[in-house]
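To start, the structure under review is shown below, and the notes come after it.
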There are 4 protein chains.
Amino acid sequence: MARLQKSIEKRNALVQATIELVNNNGFHATPMSKIAKMACVSPATIYLYFENKQDLVNQTYLEVKSQYTNFVFDGFKASNNLKQDFEAIWKRILQFNTEECSYSFFLHQCNNTPIIDEPSREKGIKHLQPLLDLWKRGKEDKLIKSLPDHVLYAYSINPLSFLMMAQKQNQFYFTEEITEEAFKAAWDSIKL
Amino acid sequence: MARLQKSIEKRNALVQATIELVNNNGFHATPMSKIAKMACVSPATIYLYFENKQDLVNQTYLEVKSQYTNFVFDGFKASNNLKQDFEAIWKRILQFNTEECSYSFFLHQCNNTPIIDEPSREKGIKHLQPLLDLWKRGKEDKLIKSLPDHVLYAYSINPLSFLMMAQKQNQFYFTEEITEEAFKAAWDSIKL
Amino acid sequence: MARLQKSIEKRNALVQATIELVNNNGFHATPMSKIAKMACVSPATIYLYFENKQDLVNQTYLEVKSQYTNFVFDGFKASNNLKQDFEAIWKRILQFNTEECSYSFFLHQCNNTPIIDEPSREKGIKHLQPLLDLWKRGKEDKLIKSLPDHVLYAYSINPLSFLMMAQKQNQFYFTEEITEEAFKAAWDSIKL
Amino acid sequence: MARLQKSIEKRNALVQATIELVNNNGFHATPMSKIAKMACVSPATIYLYFENKQDLVNQTYLEVKSQYTNFVFDGFKASNNLKQDFEAIWKRILQFNTEECSYSFFLHQCNNTPIIDEPSREKGIKHLQPLLDLWKRGKEDKLIKSLPDHVLYAYSINPLSFLMMAQKQNQFYFTEEITEEAFKAAWDSIKL
DNA sequence: CATGAATGAGGATTCATTCAT
DNA sequence: TATGAATGAATCCTCATTCAT
């Protein structure tokens, strides 16, 4: 048991190190040896947990993505106020972007780069199923524009990624007021 | 003269090869030797035109960015119909994303990755100055939300990048109709 | 233990190979790959023991120099016959030059070339401290000319290096008789 | 004529550049391109005057050596005062070492390194013929120790090279007084 | 004569991965 | 399970040399 526990911790340390190093240096400047060092582990040990570098990054990606989804929809229950539901999800996403900045940044880099195997990248935005459901309802009820999900996502959700990046580069800061305005912009863009 | 001409062509071939290869494989999986081969040039020749790999990518980035700007604002003259002006610019950007797909994709990758030197990335969205001017006017005239430029950009322009990526991955396609709706979404998100 | 032993042997093999190859071809014509091959080791392995080529040569230099010093002063005890003491040291140096010819040649090349980092070369002739002490006494006792140590060294010790080189190039040979005469010349040059 | 003149100047510039750069960086860190640049000439031009890099260094060596010999024996006429003759030559050599420091340093480096082709290195100290003649006389007249020329050279002349190096490395300085003492040491070492 | 552009061969160094322990 | 040492293959880059002009 303690044995297993230790294993899990080691694996986590590796995943964390991967995120941190890839975030700071990019995939191409992150050698396995550095990952090992940061995780306080021998390079050889990595290969007990992952097949190779690609596999390590792929799995890291999938895990972070899953944490993202869990965080965003944790406790979410669709009500019959669609706008409020959307707002709740939107704000959770914003919160994740802000509080789990390094996870968010890692996802962003993987999503916009060929460092992840096509197979691992999963199909686009499927992981946001509850949101897609919401939009489906919204379209049926004529509350939301009849646009492909990707377009809705592009306008109402993806901007948060962009702004997170801009914030990380000190080009811009979220204030309470801007947050409210930004949400309004998101809603305006997709509402009918 | 023919000499100079040939030099320019060689340089261009290198820039083109860089774009193509980085687009397909990412920076880290694009060796100089491959770039050289694709440009029909010896690896050593690259170093006559560029200081090193980083410099090659930086310069390529700056050149593509400049082509983007030129394309987008070519012939643009601010009228006194703000929405129409915005629409013109927006559609030019969309057109660039569609027609110069590989340039657009390259820019996207550079903008969302630490492969470009900070100094080269520096100017951020400044290169869209005429658009920023337009927004300034719009805010003064109470036609556009009083939000930081980065937020306006995130909602009305950046989605085009995302959609270009999605289209490249066959997850979505622009039709005439969607384009009009998408523009409406862009405008809705920023208009007051 | 066997592990450590093997490591030490590998390191030594690298140092030996460096000496041999630099002696025969000079620094600039001694690629790391050849050093590796001669030491029966992969090129990458060199970098487990040394930071880079410069470091390899620097460390080799320091090690050989230290062997030189140890050899020369091994068992030396200053008596109160200064000339005899000097003769003892001088002959040990000659012996080293003759018996450890490749070490001696390597030192010579490093001492007369900018291949060694200044910091590594730094200590100059300080490593011959017992000899410097002897000269100090000799000057105080008016047995030795009151000249800077470097001059004393130039006349009484350095000629041995030159003669070792000449011998290596078959221009000259030490015989028993010449040795005695040569020592006399050394002593004559510095004695008062 | 002016044509020829210009050629000679270009050749000289190349030789000078070679000396300077090899002195400062060593042979292995002196690329042809740098030599060309310092001589204000295209790299290709070097090959009009020299067969290749080795030839350039060889010829430079031979030229400098010849200047050395000319300088040292310029106007020298053997008198019948052997010690005075020796002193004259010795001091000319010292003067060359001091005044033509860079030439002297270059010779030193070539003499103690495998950068010069064996054939070009000529046989040892043959170029000092007048000095060798002097020593011959001295030995016959029982004024000078009956030692091989190389030994005499090692003790009475070579120290000047060593001291020149030491001076260049700021470990020691020639003063008027030391010079006289140093000459005395030289003479003492070889006189009977 | 002179050149600047071009290059192929080679060099130092790195790194993902393996293996003996 | 865990490791540190070891490595072959690859990568970036340099440089002596050539060639078209």
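Chain letters run A, B, ... following the sequence lines, proteins first and then strands; every chain starts at 1. Both backbone and side-chain heavy atoms feed into the values below; hydrogens, waters and symmetry mates do not.
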Main-chain N/O of C/T30 paired with C/K53 side-chain donor or acceptor, under 3.5 Å: yes
Nucleotide of E/dC15, E/dA2, E/dT17 approaching A/P31 most closely (side-chain heavy atoms): E/dC15
Integer-rounded Å distance: F/dA9 C1' and C/M32 CE: 17 Å
Any-strand Watson-Crick or G-U partner of F/dA2, both distances under 3.5 Å: E/dT21
Length of the CG-P vector between A/L48 and E/dT17, whole Å: 14 Å
First encountered from the 5' end of DNA chain E, between D/P43 and C/Y47: D/P43
B/R121 with B/E118: basic N within carboxylate O range, under 4.0 Å: yes
E/dC1 versus F/dT21 - spacing of their C1' atoms, nearest Å: 13 Å
Geometric class of the B/Y68/B/H127 ring pair [parallel <30°, tilted 30-60°, perpendicular >60°]: tilted
Nearest-nucleotide comparison on DNA chain E, the residue closer to the 5′ end among D/V41 and A/A44: D/V41
Sugar-phosphate, base or nothing in reach of C/F50, heavy atoms under 4.0 Å: nothing
Backbone of D/I115 reached by a side-chain donor or acceptor of D/T113 within 3.5 Å: no
No-H, no-angle donor-acceptor pair, D/S42 side chain to E/dG4 base, under 3.5 Å: yes
C/K37 NZ to F/dG8 P, straight-line distance once rounded to whole Å: 11 Å
Distance, rounded to the nearest Å, where B/E9 contributes CD and E/dA5 contributes P: 16 Å
Watson-Crick or G-U wobble partner of E/dA12, both distances under 3.5 Å: F/dT11
Below 4.0 Å: OP1/OP2 of E/dA2 and any side-chain N or O of D/Y49: yes
